[in-house]
Amino acid sequence: MTSIHRSTTTLADGREIHYFDAAPDSGRASFVDGRALPPRPPAGELRYDALRAEWVAVAAHRQTRTFLPPASECPLCPSTPQRATEIPAPGYEVAVFENLFPSFAGPAGHTLDGESLSPRRPAAGRCEVVCFTPDHGSSFASLEPRQVRVVMEAWAERTAAMSGLDGVEQVFCFENRGEEIGVTLHHPHGQIYGYPFVTPTTRRMLASAEAHLLRTGRNLFADVLAAEAAGERVVAANEHWTAFVPVAARWPFEVHLYPHSHVPDLPALSDVEREAFGPIYLEVLRRLDAVYGVPMPYISAWHQAPVRTGRDLSYAHLQLHSARRAPNKLKFLAGSESAMGAFINDVAPEQAAKMLREASL
């Protein structure tokens, strides 16, 4: 069994930072954040969209967040004697800290205008940044499986911790990669959101899973995996995971990665499943980059069970998609997708899977 060790301290403004290391007693938490930081921004606001039955977060303070600084000013690199960053230690394996510009923050609050058509309430919850490596010029695809194992432990540990916070209803681990996606920092990193509601996508999938269970007596996600596992859209597989392009992929390149066991969330994965994830995920990422010979912009998203509902219906899995449809072309969400939510894919899923399998590594 792999042991990953966590140490915790606080930044100058009271935000928590956690270091995850394969070796014990790293000493990283002993480094003090000596910066003079301004007070933390107030929590944003949730507003209810009655037409869609969805909550929208309004977080105007995020307009001032750091935007694509040069490497010499990166806030996610380790601190040096000449420059203090968000990470006080001079080195780290994986670091996780509370976001300086959170979309959700603080404990649950009372609903305002509760009798109105569009009630409002504080945007409670939590947002954290996950730094995958201290190497500014690296990428997730460049990591070694051992490092991915540390990242996996950080995702699982923080999912469990954030699930216990007041007002958090769902935990979402994700990575945005590439300026085409809209990243604001080049350093390899992801984020974890603790939402104060169950997200619309999860609600829709759980409704489908419930209907499927009533109709067949089986789990929908498990049936999807079984239907894809031996088909032409499989990209990679090992004893514990299968990666495939879904039959109704919305994006030019879209890969879903399922564990072979039915678990609700990352903390429920066994140690051997966590170990087996890194090699197959790295293969998928490297195949994506090799398709056109240029870095593939992508969003990589973990779908986990909500904290208090639908846990038996859920099936933890990762969905990754890229908007790149050609070496110099992107798919934009135009009229049909943005206005109506009706996707039109320019690349056949079977062709995308074939291109990924045949990409030279």
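Everything numeric in this text was worked out from a predicted model, so none of it was measured.
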Is there any side-chain hydrogen bond (donor to acceptor under 3.5 Å, both in side chains) pair reaching into [range], and which pairs are they, with sequence neighbours excluded?
{"range": "residues 62-77", "result": "Arg62-Ser103"}
{"range": "residues 165-176", "result": "Glu169-Arg308, Gln170-Thr199, Gln170-Thr202, Glu175-Tyr298"}
{"range": "residues 334-343", "result": "Lys331-Glu337"}

So, are [X] and [Y] salt-bridged, with charged N and O less than 4.0 Å apart?
{"X": "Glu86", "Y": "Arg35", "answer": "yes"}
{"X": "Lys354", "Y": "Glu232", "answer": "no"}
{"X": "Asp346", "Y": "Lys329", "answer": "no"}
{"X": "Arg149", "Y": "Glu144", "answer": "no"}

**Prompt:** Is it true that the NZ or CZ of Arg121 lies under 6.0 Å from the centre of Trp55's six-membered ring and within 45 degrees of the ring axis?
**Reply:**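 Satisfied, under 6.0 Å and within 45°.
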
**Prompt:** Would you say Gln147 and Val94 make side-chain contact, with heavy atoms under 4.5 Å?
**Reply:**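 In short, these two side chains touch, coming nearer than 4.5 Å.
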
**Message:** If you define the side chain from C-beta out and look only at heavy atoms, does anything of Arg177 sit under 4.5 Å from Ile181?
**Reply:**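 SC-SC contact between Arg177 and Ile181 ruled out.
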
**Asked** Is the count of non-hydrogen atoms from other residues, nucleotides or ligands lying under 6.0 Å from Asn328 atom CG greater than 12?
**Response**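 Yes, enclosed.
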
**Request:** For Val96 and Val129, run side-chain contact (heavy atoms from CB on, under 4.5 Å): C-alpha distance rounded to whole Å, both residues' side-chain angles, the deciding distance at 0.1 Å, then the answer.
**Result:** CA-CA 5 Å; Val96 182; Val129 176; over 6 Å; no

**Request:** Return the minimal non-hydrogen interatomic distance between Ala229 and Val234, and the atom names on each side.
**Result:**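 The pair with the smallest heavy-atom distance is O-CG2, 3.3 Å.
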
